[in-house]
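None of the values given here were measured: they were computed from a predicted structure. The figures that follow rest on heavy atoms only: side chains count, while hydrogens, waters and symmetry mates do not. Protein chains get the first letters and strands the later ones, always in sequence-line order, with residue 1 at the start of each.
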Number of protein chains: 2
Amino acid sequence: MRARMEDVARLAGVSTATVSRVVNKPECVSHETRQRVMDAIGQLEYKINLAARSLRTNQTRTIAILIPTIAEPVINQLVEAVEDVAVTENYSLLMCSTRGDSAREQAYIQQISQQTMVDGVLYVSPRSAPEQVLELANSDVPLVLCNYHVEGTGTPCILADHVSSIYQTTSHLLAFGHRRIALLNLAALHYYPARMRREGFENAFAAAGLSPDPDLVVELREPTYDANDWRGVINELLDHAHPPTAIVAFNDKVALEVYAVCRARGLCIPHDLSVTGCDDILSARYLDPPLTTVRIPAYELGQLAMQTLLMRINQTDPTIHKTTLLDVELVVRESCAPPEQAL
Amino acid sequence: MRARMEDVARLAGVSTATVSRVVNKPECVSHETRQRVMDAIGQLEYKINLAARSLRTNQTRTIAILIPTIAEPVINQLVEAVEDVAVTENYSLLMCSTRGDSAREQAYIQQISQQTMVDGVLYVSPRSAPEQVLELANSDVPLVLCNYHVEGTGTPCILADHVSSIYQTTSHLLAFGHRRIALLNLAALHYYPARMRREGFENAFAAAGLSPDPDLVVELREPTYDANDWRGVINELLDHAHPPTAIVAFNDKVALEVYAVCRARGLCIPHDLSVTGCDDILSARYLDPPLTTVRIPAYELGQLAMQTLLMRINQTDPTIHKTTLLDVELVVRESCAPPEQAL
DNA sequence: GTGTTTAATGTAATCGATTACACCGTGTAT
DNA sequence: ATACACGGTGTAATCGATTACATTAAACAC
């Protein structure tokens, strides 16, 4: 029923080759012929069949972005950047978000690596086990990793400097004179940035010639994304016989919960407790007091990742195997102050 | 280089038809043959070519979701719902976000309607002119609209009750005794929910036998999404000779700015000024005081929209032309109080 | 034994574009 | 006048699956 290229060709009195050329490289067709073909296309409401084209050209002009969720501000900025680049390069974006469901993550990986579906994959913040990430890396689909690092395979990794982020917030608190600083590192332990953040925390202490109290480093064997659980953990921390004077939250969402708990307990930030976050989400600046946190260059991360992926796909530059680390920036607001001696 | 179905067939000693059946309806193939074929598939690392399949079957098993941005909590919940349904139904999701760029919105519409690319489209919160929406509605791609309403075309529309949302917040304030209530309706005027929200505002007054002061209804001819502009508008409103005692913000983001302005001016919410929002974004409950707002059933909206679209695609039910309106729910927190007589 | 049903498999046409190669006519160089 | 280049166009093979229809063998009824 739908018009095919052949129908257009017949109506315009040319061959399908010419119609194809009008669509793909109009400059190779004489002006008048082009006009006739365009008219025919309009008249027949011709739609090009991308499946047929893909079959012939062996490229889909589609890339998949595999992410844990789109509900995180950092991630959706990153996705926006990726899409911006994709649009200018005439690529489409297939959304694959796993929502913390590792079976689904696995299913997406299978699908991508066992079907000719996309020209490349951007794998952001893998939550699944390293073997699964490797499965994708070893398939023949061009891959770029974001927020994750693997050695050995030639897979490019684009990372924000997660060590530095927590290093900076921790140093900021140390500079205020805090010594009993807690780290709330509530993500999965095998999650790459979680390890990096812990490293940043310890490095900051080491740089000051100190070391953190292990009692105050909270890491969950079984990670949870339920705010109620988080609140439980925070309350426990503050019930400690010798409670912290400052809390380094591993991201702003957790910091939000710290604020909520403090309000409930009648604690005043930063007077009774200093708090830092990470990510600089929208609400960070609207909190009372505004939250000191770290800006992640999410947009730049996405841009760079997508550009790198395109280079891999087009094999423009075979030297792009290296890891890229992007700087993060401490955003000082009003949630930190010197420790209260009284406490 | 890559193995084709024919290669698998040869290795397994069967015809391509059988291989295809193993892939698509394994139950129609005898146990032993199936095993042989599966082994061959594994051995050759055979990947099915989706383009070839699509060409033959005339379906892509992909749907496009056209949205203004993914950075809005309501929208990303909706997208998540859509993806959840898509995954269970074996569809892929093509992300088309326009980021307020109407040229890009137009380009996406063109692309979708002039190429055989997707089996259907979910068009969420169109920002573009009605004619452009109609262009898509009149193309032969199955379409479902979200957060928008058109008459006449057989296009299903799935909507949250935007009239009711602002009706409820306004009534809530009226019940507290407020009379000088401002409406901050800062979206584009041709944007459907904007019209509905204004209607809700006026209906609430009418139901109380009152009418709003037109001076206090702020609508922008040229909409802006810049928080600084918003702050200017809010300040202007509070500088009014006879300022409002309450502000109905058209969404929580604007309410956030109202909070910021109040803090800057030393006004205390809700003592000096009552505020309501809309959307119930994450930070609403973390504000001080927690914001009274309206919960939009974003997840349900997305689910229903996707289900409806699938029914259209499969033509399961030709009676799904009707508009569906989903209820919204007032979430009372602590940002409203009776008006101060002193002000 | 004959006819009929059923399960399992094979044959081959088909989906709709792309593109290497061939071809033609005109203009330009020698 | 001959050769050559070049822009514009056509011919036809090809990409890799799906599936209607045909075929075969086995099972079963009578």
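Counting to the nearest Å, the P atom of D:dG16 and the CG atom of B:Asp7 are 9 Å from each other. D:dC15 atom P lies 7 Å from atom CZ of B:Arg4, rounded to whole Å. What separates CE of A:Met5 from C1' of C:dT18 is a distance of 8 Å, to the nearest Å. Atom CG in A:Leu55 sits roughly 17 Å away from atom P in D:dA13 (whole-Å rounding). Distance A:Glu6 CD to D:dT14 P: 18 Å, rounded to the nearest Å. A straight line from CD of B:Gln59 to P of C:dC15 spans 17 Å, rounded to a whole angstrom. Computed from coordinates, the A:Arg10 CZ to D:dG10 C1' distance equals 15 Å when rounded to whole Å. We find that CG of A:Asn58 is positioned 7 Å from P of D:dG16, with the value rounded to whole Å.
Between the side chains of A:Glu80 and B:Thr69, at least one donor N or O lies within less than 3.5 Å of an accepting N or O. Residues A:Tyr123 and A:Ser128 bring a donor and an acceptor atom of their side chains to less than 3.5 Å of each other.
Partners of A:Asp119 under the salt bridge (charged side-chain N to carboxylate O under 4.0 Å, His left out) rule, at least two apart in sequence or in another chain, do not exist in this structure. Evaluation of the salt bridge (charged side-chain N to carboxylate O under 4.0 Å, His left out) rule for A:Glu6 yields A:Arg4, A:Arg10 as partners, not counting sequence neighbours. Scored by the side-chain hydrogen bond (donor to acceptor under 3.5 Å, both in side chains) test, B:Asp140 finds A:Arg2, A:Lys47 as partners (sequence neighbours excluded). For B:Ser97, the side-chain hydrogen bond (donor to acceptor under 3.5 Å, both in side chains) partners are A:Glu83, not counting sequence neighbours. Every residue was checked against the side-chain hydrogen bond (donor to acceptor under 3.5 Å, both in side chains) condition with B:Asn49, not counting sequence neighbours, and none meets it. Partners of B:Thr16 according to the side-chain hydrogen bond (donor to acceptor under 3.5 Å, both in side chains) rule, which considers only residues two or more places apart in sequence or in another chain, do not exist here. With sequence neighbours excluded, no residue forms a salt bridge (charged side-chain N to carboxylate O under 4.0 Å, His left out) with A:Glu105.
Rounded to 10 degrees, the angle separating the terminal helix axes of the helix from C:dG1-D:dC30 to C:dT30-D:dA1, each built from five base pairs, is 40°.
Contacts with DNA chain C (heavy atom under 4.0 Å) in residues 108-118 of chain A: none are found. For residues 29-43 of chain B, proximity to DNA chain C is found at B:Val29, B:Ser30, B:Thr33, defined as any non-hydrogen atom under 4.0 angstrom from a strand atom. Residues from residues 45-53 of chain B with heavy atoms under 4.0 angstrom of DNA chain D, sorted by number: B:Tyr46, B:Lys47, B:Ile48, B:Asn49, B:Ala52, B:Arg53.
Between B:His162 and B:Tyr192, the ring planes are perpendicular. Angles over 60° get that label, and only those under 30° would be called parallel.
Of the possible donor and acceptor atoms, one in the side chain of A:Asn76 sits under 3.5 Å from a partner among the backbone N and O of A:Ile70. Although no hydrogens or angles enter the test, the distance criterion places no donor-acceptor pair under 3.5 Å between the side chain of A:Asp7 and the main chain of A:Ala3. Although no hydrogens or angles enter the test, the distance criterion places no donor-acceptor pair under 3.5 Å between the side chain of A:Thr18 and the main chain of A:Val14.
Counted within 6.0 Å of CD on B:Gln110, heavy atoms from surrounding residues, nucleotides or ligands total more than 12; the atom is thus considered enclosed. Open room surrounds CD on A:Glu45; 12 or fewer heavy atoms of other groups in view lie less than 6.0 Å from it.
Mapped onto DNA chain C by nearest heavy atom, B:Val14 and A:Val19 fall at different nucleotides, with B:Val14 at the one closer to the 5' end.
Residues A:Arg127 and A:Asp101 are not paired through a salt bridge, judged by the lack of any N-O separation under 4.0 Å between the basic side chain and the carboxylate.
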Is there any protein nitrogen or oxygen under 3.5 Å from a nitrogen or oxygen in nucleotides 19-23 of chain D, and what are the pairs?
none

